[in-house]
Every structure is written in C-alpha cells, then in structure tokens.
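What follows is a single structure, written as structure tokens, with notes after it.
Small disclaimer: the values here were computed from a predicted structure and weren't measured. Order of the sequence lines fixes the chain letters, A, B, ..., with proteins taken first and strands second; residue numbering starts at 1 for each chain.
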Amino acid sequence: MRYPFSEIESKWQKYWEENKIYKTDLSNTDHKLYTLVMFIYPSGAKLHCGHWYNYGPTDTWARYKKLKGFNVFEPMGYDAFGLPAENYAIKTGIHPFDSTMTNIKDIRQQLEKMGCMYDWDSELMTCVPQYYKWNQWLFLQLYKKGLAYRKNAPVNWCPKDQTVLANEQVQSDGTCERCGTLVIQKNLTQWFFKITDYAEELLKGLNEINWPDKTKSMQRNWIGKSTGTEVKFKVENSDEIITVFTTRPDTLFGVTYVVIAPEHPLVDKLTTPEFKEKVAAYKDSIKSLTEIERTSTVKEKTGVPIGAYAINPVNSEKVPIWIADYALLTYGTGCVMAVPAHDERDFAFANKFNLPITKVILEAGTKPGDELNSAYTDSGEMINSGSFNGLNSDEGIEKISDYLEQKDLGRRKTNFRLRDWLISRQRYWGTPIPIIHCPKCGEVPLDEKDLPLELPYDVEFNPSGESPLASNKNFINVICPKCGVDAKRDPDTMDTFVDSSWYYFRYLNPNFSGKIFDQQLTDKWTPVDMYVGGAEHATMHLLYARFIHKFLRDLGYTNSDEPFTNLIHQGTITNQGTKMSKSKGNVVNPDKFTIEYGSDVFRLYLMFMGPYELGGDWSDKGITGSDRFVQRTYELFNRFPIILDRVSPKSKFEIAGLNGEEKSVYRKVNQTLKKYDEEINNFRFNTAIAAMMELLNELAKNLEKCSLKIQAYTLERFGVMLAPVAPHLAEECLEIIGRKNSVFKNTVWFEADTEALIEDIANIAIQINGKLRATIQLPVNSEQSYVKDIVFKDEKVIKYVDGKQVVKEIFVKNKIYNIVVR
RNA sequence: GCCGAAGUGGCGGAAUUGGUAGACGCGCUGGACUCAAAAUCCAGUCUGGCUCACACCAGGUGCCGGUUCGAGUCCGGCCUUCGGUACCA
C-alpha cells in the first residue's frame, strides 16, 4: 500500500497542534536553543522552492536538536513592510495593508502544510502598530544619543522605486538591490543612523562569532578599516589648509601634486580666476556621468588643475592642486596627496598629464636612477627624503607620523569605508518617522508616550518622488508640540531593514506592550544560537542587526554583544542558472510536488540534492528517489506492527551472541546512528540521508531474518532517525510499531553502541608500487607479520614480485599493504 | 584588478589525518512479475582494450609540473565557472 501522505500529514499536524507539541516552555532555559530562520517577505508569489530549501532543512536540524534534549525555540514571522506591496498597490489599486494581510494568510497556510515545528504563539508581523511602534521608539533612542540625524548629502536614488537607497542596497554594478534599475546620485536631505560610531566594534566582534569566513570577510571589507595619517598642506597665497589622508606617510617627500574631489567645498575657494571656466566645465562633465561610469576602474582618469599650489609640509616644495574624479568626497578628507612613483593611480594620472614623478622608496636590487615602468608600492629604503633617507619605509611610516604630530603638521587617523546607514525612504509602506518639522523649533521628536505614530490608511500612492504620506493632510499637518504653531510631520518612512534589525528579540513575546521587548525572556534566550538565511544579506541585514544589537546593549536592553552566535547560509536554488524571482517568471511552485508526493518527500529531496550551503540549479529529476525511500520505509514498518508491545528490546546487545544477519543489521544501525548524528549536526543532510538509505537497503534484505528483539531495537532507532528528516512519516511509522505518544512529545535519542561499530573483517588493499593489485579479507586489527604471510602467498603478489627486489613494505592496519619493488 | 568558493561518470553528488575514486540517489540496459502497462523486485552501469564469458590489462577526479611507497586530497604554475567588491588614497 502506498504511503497515504495526505491523510497522515493532516493527522499528525492536527495532533501536534492539539497537543501543543511545539509550544516552547520559555521559562525553562536549561539547554535552551534558539533556532531562527530569516523571516519571510509576504509577497503575492507565496512560498517558492527557495523558501522551502531554507525552512525545511533548518527545521530538520531543530527537530534533531529537540530529540537530543534541547529546549528548542523556533519561531516564524513576516517581514511585512516594503516596496513590492506598494508597487503592487500602484499597479492594481489594492491597498498594501489588504494585499499583505491576504498574502500572510495564504503563506501561513503553506507554512503549516510544510509541517515545521514553529511555535505559532510567537508569530509576528512588522506592519502592525504594536510592532512598528518600537521602530519609532528605537529611532527616538538613537536620536537622543545623536545617532539618528538628518543631513544633506549626495545619496543613491532609484528612479524606478522613486526613493533613496542605502549604500548597502546598491549593487556593485550600480543597480538597485530591489528592482535592478540603474541608481543615480542626488543631493537630498535624509535621515541616517550613525553606524560608523560602531565601526571598530563591529569589526572586532566578528572574531567572537561562529559565522562563515566568507561572510565575516565580506563584512570586514565593507567596514574597510584603514590606518594612516592626516597631513596638512598649506595653500600658497591663502589661509586655507588642505588636509589629506594617507596610509603612506613614508612617501610624503614624493608628493608631486595634490588632488581634491571635484565636489569639495575648497575647490571654489581655491580656484584662481583664470581656471574658473575650465574647472566649472570639468565639474559639469562629470555630473553627466553615472556613478558606475565615474567610478569604473577601467575608465581613464580625468582631471584639471585649479591654478593654486600647495606647500609640502616636510620639504616646503610647491606642488600643483588638481581636481580629479578619482578623488572621492565621501572617503577620508576628500583630498589626496599624489605620489606617482608609489601609487598606481597617481602613476597613471601623472603619466597622462605629464606631472613629475619623484622616487622616494627604493626597490631592493634597483638603483635610484633606474626608470620606473610602474608604481612601486611595496616597502624599501627611503631616498630623496631629507633626514629620513636610509630608513626602511615601514619604519619611515612611524617616524614621519611622529615628526608630523610633533610639529602639528598632521596626526594619525583611522578611516573606515563604512558610511552611515541611510534609513529614510520616500515611500508609504513602512514605519513613519516620529519627527515633526516646526518652522520655529526645527526638528521636534515625538514624545514616547505619543507612540505609535500610526501609518494612515488613506494616501496617494502614485510615485512622484515626493513621499506619499505628504498627500494625507490629516497626517502631515500638525501643531508643533513645543510652540504650538503649524508644523509638518516628517513625510518619510523607515528602511525595512530597521524592522529586521531587532525582530529576534520580539519573537520571545510578540504581544509585550510596556517595552520594546520582554527583557526577562530575551536576556535568557538571546543571542540566537543558530541563524539560517541567505548570504545576500551579508553586508545589509546582518550588519544592521549587529549594530542595533550593540546599541540596545549600550542602553542596557540586552546582555549580549552579538545577535547571532552561529550562522549558516543555505545555498541559492536557481532555475536554469538564474535566481528564482517573480519578476523573471522562473519561480518553481513547491505545491506541485507537495500535492504529488507529500511534504516529507519534498523536504527529503531538497536535503538530499547536495550540500546545503551550495544550493544548485533546480531539477525535479531525482525526487522519485526520495519517494521510493519513503514508500519502502513505510512498507517496512508495516511488516512489523505493534512489535514494541510484543517485546521490549534491550538498550544494547552483545555482538558475539548474534547470528550473521543480526550482527550485520545491528552493526549497520549503530554505524548509521553515529554517522547521522555527525552529519545532521553539521547541516550535512545529504550524507545523513544517504546513510539512512544504506540502512534501509540493509533492513530490507536482512531484518526479517533477525530475532524479534533485534527487529524492535532496529526499527525504533530507524524511526527516531527518521523523525527530523521526515516528521509525519516517522510519527506514523513509530505508531505502527507500537510507540505511544509523539516522539516530539516524549523526546528520545539513541546513542550508537560503540562496540558494534567495528567490523570483524577488514578489507586490505594490496599494492605493488602504489598500484592496487589485489584485496584480501582478514580479521580486523591483524598484525603486520600475520598479514605479510598471507600477502606473499597471493598469486598476483608472487607474479609482480617475482624476480624483483623488495625495497620497502608499508603496512597500514586494516587498510593497505604496499610492497615497493625494484 | 583584488577577495572568496568550486571544477569528480550520462546527471545530482560521496570519499576520515594523503591509504581500494565514483558511496547514496536519478537515469539507462537486461531480466522477473503482468494479457499488457504502471508500480515493484533482481542484475548490470567511469572510459578504453582484450575475451564467448569470467578474468585480465591500460587510463581516469579542469590543465601542466612537483613532493611521496601512495595524491581527488599536499606544494608550485595556469585555465574555467560562480559569488563578493570596485579608483577607499
């Protein structure tokens, strides 16, 4: 009889729900284990295979931990604010709130069908005032500490989504992370969170968390710490000072010109009258370039002199000041000292514009007079550097920095590539910013007791570049709480990454009302022990959450330094090489497979496909293999109904007292237990399932020939191993053999009998000069002398050794016997 | 350009500290069952050579070289693919 998955899945799902099997007792924190998967964005596309691939295997891991005795908390919720719902509203006229609620309802049903052990009492969604009120509260705390501020700056603007984006949300090809449209630069006044205040700590903290090295290195690069020195250059005939940042103060004597970012405010002040026109023309010419064109490393560098000269503080040399597109206003001081001899960019630029090149670092094995064909960027002996001549340049970095600091010509400085997090968005479907703009008082933060500032339902959606909230008169017009005059609310909403930067706290008591979260619980249950989600969040969500976590800790709201102790990225499931997405129309609907095969088969198949962290291209080719495994398993258990009522197996058997088949079965089940344990623990589901398939093959062959006791022993263990990977099937199978109660109610785990792991017989490979010539079977742990006798009686060995001299013999116990002949 | 990961049968993928390459599964081929098909079960399946067949021989983990009794695994030099990053001074 085929496994009636539909009936059995609903039977056990009902049982689990009625018996509150997955309700976590949060008061019990012994062996607590917080397992979390990144929450879901509730779009109309519902669950696709990628979601399943994320949630199914993670749930298997969580169930495995539960069986091993952990008190597991595994919640699920909805990242419910965001652009797609709003774009959908623009297209169809369906309000984002309504479409989101409908989607959540559908997705919840799909999630329930998956049969994961989510604690549904902890479900949360971010688009309700009870949740986003605390985004606003968080904003106010940051504001109070000066960590939320507004400034006018060149920012990334997505013309399609009609909103600004954070740096992290612009992809390396200059397109929008959400919609793929080319992002442009605009000068706008926007809200920022000062993540840069935590740059150093965000960097250091990476050493304390067990995350994939890849992800940590991406964050390190993104933070981009760089230590160097700021050097002050006086300007000839001017009181202005140009401060440059350099990591190579040792090359200061080699400066032949200075470059300022074209947008730098000093440019207008310093440009001499005869250069005004050229400078203006140049600034115009780069304005028309897109960000990618401008920062492309293959593009030739451009620039113009501004007519003014700077004075090198160490040798009083007069060098020309240029503006060039390769100097970035947003990094360091926006000004660069150019040392063409020892910097590739400066070298290329100097060659193009015939600027002088002065060598000040000597490459070992070259002469001072040798011509440079390219910039020499390594260390060496300092030359042409006054009193610093002869020093090694590494030492020179320190010596010149000391000198500059003593003379007040500069100071050591650490710079970060990380920029502040731009959090305001000119969109509707997000958290309103709790600030009032008063013509008299300026920015007036809302009082905490007036939160939440609710998002109004009625607004104009059509994107005009203006925040939709500005169209709702009742919302936008307000009396200044300070002075009573007519004022306006801030019309922007927050980046949805604010919502997700602290949601893992909220899960523990999503209905808590007095504070942002229930610290009684969160102090005991956070950090999250295991976090699973896509690698695409490496420098976005995963960085923001670490920042907010540290900020909350500084306020005394949490007792840990990091939000996620362990992190795993599931691989990406692609379809014909491209990532599944609704816009590309290549989404594979998992329902097709769950309807045909059931959710356990589908879950098994996803896990069996390959290494979890690799993902892969979607194909349903092998799913029949998982189906067969399930059918054969079900059939096997049905051959031994209520066996546990008829016999109570021992917890261990003496292997010597077993007959041949029993020994084989007993050994295999224990070997499988050990393998399974190691593999699942490390998210290597594919090999764990392969081991179970091997076990099933063994049982199909030999179980019937075993004693009742061995049969019961084996099936009980097989059933328990099955429970994390195919929960519905396992519950049913265990019930068939007579187990009372759900295995997830009275959890049990069987450790392998270590004595049963070793085989009696070892296969020993015989090699001549490293080539396999024969294999022999001998009792395990046979000594060399014993093996040698048998090896040299082997016909093939005789054939190969005959007439030759045996030079060496290598013996590895139970593995190989290699004879080296000449 | 730089940083990181990966290249193994027709396909997805296994392989402890260097120790019998191809576990497990898909697909395919042959057989059993069946009136027939599906399902199921059994056998075979890296490539080439030779053989009626068994056996045997040679080659084989992206390419070239090295270390070693022995290399998918270690070292050096390349090639390709995929992620990340992009003038960060």
Check: With a 4.0 Å cut-off on heavy atoms, is A:Arg2 in touch with a base, just the backbone sugar-phosphate, or nothing at all?
Finding: nothing
Margin query: Quiz question: by atom type and distance under 3.5 Å, do the side chains of A:Asn682 and A:Glu678 form a donor-acceptor pair?
Written below: no
Next item on the list: Starting at atom CG of A:Asn575, determine the distance to atom P of B:rG12, rounded to an integer number of angstrom.
Entry: 15 Å
Check: Mind checking the C1' distance from B:rU81 to B:rA32? Whole angstroms is fine.
Finding: 46 Å
Check: If you check the A:Thr539 side chain, which of B:rU85, B:rG19, B:rC24 turns out closest?
Finding: B:rU85
Next item on the list: Would you kindly compare A:Asn697 and A:Asn818 by the position of their nearest RNA chain B nucleotide and give the one closer to the 5′ end?
Entry: A:Asn697
Check: A:Glu694 side chain: which of B:rA14, B:rA89, B:rA23 is closest?
Finding: B:rA23
Margin query: In whole Å, measure the gap between the C1' atoms of B:rC26 and B:rA14 for me.
Written below: 15 Å
Next item on the list: Please work out whether the ring planes of A:Phe602 and A:Phe593 are parallel, tilted or perpendicular, with thresholds of 30° and 60°.
Entry: parallel
Next item on the list: Indicate whether OP1 or OP2 belonging to B:rG27 is found under 4.0 Å from a side-chain N or O atom of A:Thr624.
Entry: yes
Next item on the list: Go through the N and O atoms of the side chain of A:Gln767 and the base of B:rG19, and report whether any donor-acceptor pair is under 3.5 Å.
Entry: yes
Margin query: Students often get this wrong, so: under 4.0 angstrom with heavy atoms, is A:Lys796 touching a base, only sugar-phosphate, or nothing?
Written below: sugar-phosphate
Item checked: Side-chain donor or acceptor of A:Arg248 paired with backbone N/O of A:His342 under 3.5 Å -> no
Check: C1' atom, B:rG44 versus B:rG59: distance in rounded Å?
Finding: 22 Å
Checklist line | A:Arg417 to A:Trp222 six-membered ring, cation-pi geometry met (6.0 Å, 45°) | finding: yes
Note to self: Can you check the distance between B:rG49 and B:rG1, where both ends of the measurement are the C1' atom (answer in whole Å)?
What the structure shows: 49 Å
Notebook entry, point to check: Can you check the A:Glu344 CD to B:rA86 P distance for me, whole Å?
Noted result: 18 Å
Item checked: B:rG27 versus B:rU68 - spacing of their P atoms, nearest Å -> 47 Å
Note to self: Ignoring hydrogens, what is the shortest heavy-atom contact between A:Phe353 and A:Lys301? Give both atom names and the distance.
What the structure shows: CE1-O, 4.2 Å
Check: What do you reckon, are the aromatic ring centroids of A:Tyr53 and A:Tyr612 less than 6.0 Å apart?
Finding: yes
Notebook entry, point to check: Atom CZ of A:Arg632 to atom P of B:rC41: distance rounded to whole Å?
Noted result: 6 Å
Margin query: Does B:rC57 have OP1 or OP2 under 4.0 Å away from a side-chain N or O of A:Tyr800?
Written below: yes
Check: Starting at CZ of A:Arg220 and ending at P of B:rG4, how long is that distance when rounded to a whole Å?
Finding: 12 Å
Checklist line | Gap between atoms OH and P, on A:Tyr817 and B:rG70 respectively (whole Å) | finding: 17 Å
Item checked: Pairwise distance CD(A:Gln219) to CE(A:Met540) - rounded to 0.5 angstrom -> 11.5 Å
Notebook entry, point to check: For A:Arg417 and B:rA86, is the shortest distance between a side-chain N/O and OP1 or OP2 below 4.0 Å?
Noted result: yes
Margin query: I want to check one thing: is the phosphate of B:rA14, taken as OP1 and OP2, less than 4.0 Å away from some side-chain N or O of A:Asn686?
Written below: yes
Check: Between A:Lys799 (NZ) and B:rA55 (C1'), how many Å, whole number?
Finding: 10 Å
Item checked: Short side-chain N/O contact to B:rA89 OP1/OP2 from A:Arg248, under 4.0 Å -> no
Next item on the list: Provide, to the nearest angstrom, the distance between the CD atom belonging to A:Gln671 and the P atom belonging to B:rA23.
Entry: 17 Å
Notebook entry, point to check: Between atom CD1 in A:Ile810 and atom P in B:rG19, what is the gap in whole Å?
Noted result: 14 Å
Item checked: Watson-Crick or G-U wobble partner of B:rU68, both distances under 3.5 Å -> none
Next item on the list: Check whether the side chain of A:Lys621 and the base of B:rC11 form a donor-acceptor pair under 3.5 Å.
Entry: no
Check: Contact class for A:Thr687 (heavy atom, under 4.0 Å): base, sugar-phosphate, or nothing?
Finding: sugar-phosphate
Check: Does a side-chain N-to-carboxylate-O contact under 4.0 Å join A:Arg684 and A:Glu679?
Finding: yes
Check: With sugar-phosphate meaning primed atoms plus P, OP1 and OP2, does A:Asp213 contact a base, only sugar-phosphate, or nothing at under 4.0 Å between heavy atoms?
Finding: nothing
Check: Of the nucleotides B:rU20, B:rC87, B:rA89, which has the atom closest to the A:Tyr326 side chain?
Finding: B:rC87
Margin query: Is there a side-chain contact between A:Arg684 and the phosphate of B:rG13, meaning an N or O under 4.0 Å from OP1 or OP2?
Written below: no
Notebook entry, point to check: B:rU29 and B:rU47: how far apart are their P atoms, nearest whole angstrom?
Noted result: 15 Å
Notebook entry, point to check: Partner of B:rG4 by Watson-Crick or G-U wobble geometry, both contacts under 3.5 Å, or none?
Noted result: B:rC82
Note to self: Please give the distance between the C1' atoms of B:rA21 and B:rU40 as a whole number of Å.
What the structure shows: 32 Å
Notebook entry, point to check: Can you tell me how far C1' in B:rU8 sits from the matching atom in B:rG62, rounded to whole Å?
Noted result: 10 Å
Notebook entry, point to check: Does a nitrogen or oxygen in the side chain of A:Lys771 sit under 4.0 Å from OP1 or OP2 of B:rG60?
Noted result: no
Check: Of the candidate nucleotides B:rA86, B:rA89, B:rA23, which contains the atom at the shortest distance from the side chain of A:Trp222?
Finding: B:rA86
Margin query: Closest approach to the side chain of A:Arg628, judged atom by atom: which nucleotide of B:rU40, B:rA89, B:rA86 is it?
Written below: B:rU40
Notebook entry, point to check: Toward the 5' end of RNA chain B, which comes first, A:Gly334 or A:Gly610, by nearest nucleotide?
Noted result: A:Gly610
Check: To the nearest 0.5 Å, how far apart are NZ in A:Lys668 and CG in A:Leu673?
Finding: 12.0 Å
Checklist line | Options B:rC69, B:rC24, B:rC88, nucleotide nearest the side-chain atoms of A:Ala690 | finding: B:rC24
Item checked: For B:rA58, the Watson-Crick or wobble partner whose two distances fall under 3.5 Å -> B:rU47
Check: Which nucleotide, in any strand shown, forms a Watson-Crick or G-U wobble pair with B:rU40, with both distances under 3.5 Å?
Finding: B:rA32
Note to self: Check this one for me: any side-chain N or O of A:Ser619 less than 4.0 Å away from OP1 or OP2 of B:rC26?
What the structure shows: no
Checklist line | Side chain A:Arg773 and base B:rC57 donor-acceptor under 3.5 Å | finding: no
Notebook entry, point to check: Side-chain N or O of A:Lys301 less than 4.0 angstrom from OP1 or OP2 on B:rC87?
Noted result: no
Note to self: Using O4'-C1'-N9-C4 for purines and O4'-C1'-N1-C2 for pyrimidines, with syn meaning within 90° of 0, is B:rG9 syn or anti?
What the structure shows: syn
